[in-house]
Protein chains: 2
Amino acid sequence: MAESFSIGDLARRTGIKVPTIRYYESIGLMPEPDRTAGNQRRYGRDALDTLNFIAHARAFGFPMKSVHHLLDIAAHPERPCEDIDALVAERLIEVEMRISGLTRLRDELSGLLAGHEHGTVGECRIIEAFSDHSLCAPGHKHDLPME
Amino acid sequence: MAESFSIGDLARRTGIKVPTIRYYESIGLMPEPDRTAGNQRRYGRDALDTLNFIAHARAFGFPMKSVHHLLDIAAHPERPCEDIDALVAERLIEVEMRISGLTRLRDELSGLLAGHEHGTVGECRIIEAFSDHSLCAPGHKHDLPME
DNA sequence: ATAGGGCCTCTAGTCACTAGAGGTTCAAGA
DNA sequence: TCTTGAACCTCTAGTGACTAGAGGCCCTAT
């Protein structure tokens, strides 16, 4: 008879936690598996592969929506694979934008720390920078760095 | 008589949206303002300063918890300002770690794209990379990049 | 006096899970 | 075969930091 995995087996083999696997099922990312007579989930090799795929896509930072999309694409081996390129390229651009935003932020933060004297809060340049809105002239716009 | 601002005035002057200001009040970040006879909020100059302070701290990426902490510190000008240094330094380290994680991710993503041929999904190297768990040997650990 | 834009509260939704309560099932050892 | 306890089940609610909407009241300019 075929291999059969409990939800805990899947969790151990993929590093994805048990409640997360159930969550993935609830949002339709994983198919509903067979159940034992006692109502416990039993998975086959396919489910393990799917879950690993999801884990990898998530590790690349794809949001669930894109993971859905990627799974759909992967399910049709005969189709052309341009969409994948587009998804990966989109993700790459996002990551690059985030890096440059964070790099700017890093520079501002280390600017705050550089040459900062330990005095009282009243004399503190850092607090001043937060308080003084003249430092934040029109046009100087800091976006929230991580949405 | 003293200056008096409606919640909409504050929103316009700080760039923070009206519902967000109410939210900040609800979590205790902003003090509860006076009200008109008709129950509408009326703020003074202090509230405007506080909200600007919050906006700046958030722009530096501090989580709300740290913003709370920073506000507490700023409220006591006579105390020493070491804690501020610690908070900023901590934030800097976080940002640097995030940058290096994202940089690794960027390299992996552009590695996927580099030399990728447009064929069918079945032959697609990218899909393969997501599917094939041998590419993901024990020890090779990708964390989720942005929590 | 009235029009309409701004304000009020309250609930629910977002994303991707995580935690807990309260109860059932499975599998290994005696 | 029985027992034990780890693993499983469902369901609800909570996280962070807001955002959106419903349904209704207020303020001010004309």
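By convention in this document, chain letters (A, B, ...) are assigned in the order of the sequence lines, proteins followed by strands, and residues within each chain are numbered from 1. All values reported here derive from a predicted model rather than from experimental measurement.
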Listing, residues 62-77 of chain A side-chain donor-acceptor contacts under 3.5 Å, not counting sequence neighbours, or none:
none

Task: Which atom of B:L113 lies closest to which atom of A:A89, heavy atoms considered - done: CD1-CA, 3.8 Å
- [ ] Determine which pairs satisfy salt bridge (charged side-chain N to carboxylate O under 4.0 Å, His left out) with at least one residue from residues 75-84 of chain A, sequence neighbours left out, and list them in order.
- [x] none
What integer distance in Å separates [X]:[atom1] from [N]:[atom2]?
X	N	atom1	atom2	value
B:F62	D:dA17	CZ	C1'	17 Å
B:I27	D:dC18	CD1	C1'	10 Å
A:I21	D:dA7	CD1	P	14 Å
B:M64	D:dG16	CE	C1'	9 Å
B:L29	D:dC18	CG	C1'	13 Å

Open item on the list: Holding to side chain to side chain contact (heavy atoms under 4.5 Å, CB included), I want the full list of residues that pass it with A:T14, two or more places apart in sequence or in another chain.
Closed with: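 With neighbours one apart ignored, the set is A:I16, A:L48, A:L51, A:N52.
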Open item on the list: Does the protein touch nucleotides 3-13 of chain C at the base, only the backbone, or not at all? Give it as B, S and - per nucleotide, heavy atoms under 4.0 Å.
Closed with: ---BSSB----
Only distances under 3.5 Å count here; give the side-chain donor-acceptor pairs of residues 21-28 of chain B to other protein atoms, sequence neighbours excluded, each with its distance to 0.1 Å.
from	atom 1	to	atom 2	distance (Å)
B:E25	OE1	B:R41	NE	2.8
B:S26	OG	B:Y23	O	2.7

Report, one pair per line, the protein and nucleotides 19-23 of chain D atoms (nitrogen or oxygen only) whose separation is under 3.5 Å.
from	atom 1	to	atom 2	distance (Å)
D:dT19	OP1	B:K17	NZ	3.4
D:dT19	OP2	B:T20	OG1	2.8

Task: B:T36 vs D:dC27: side-chain N/O to OP1/OP2 distance below 4.0 Å - done: yes
- [ ] Could you check if a side-chain atom of B:R91 sits within less than 4.5 angstrom of a side-chain atom of B:E94, using non-hydrogen atoms only?
- [x] yes
TODO: Using a 4.5 Å cut-off on heavy atoms from C-beta on, say whether the side chain of A:L112 contacts that of A:R125.
DONE: no
Task: Short side-chain to backbone donor-acceptor contact, B:D9 and B:S6, under 3.5 Å - done: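 Checked: pair present.
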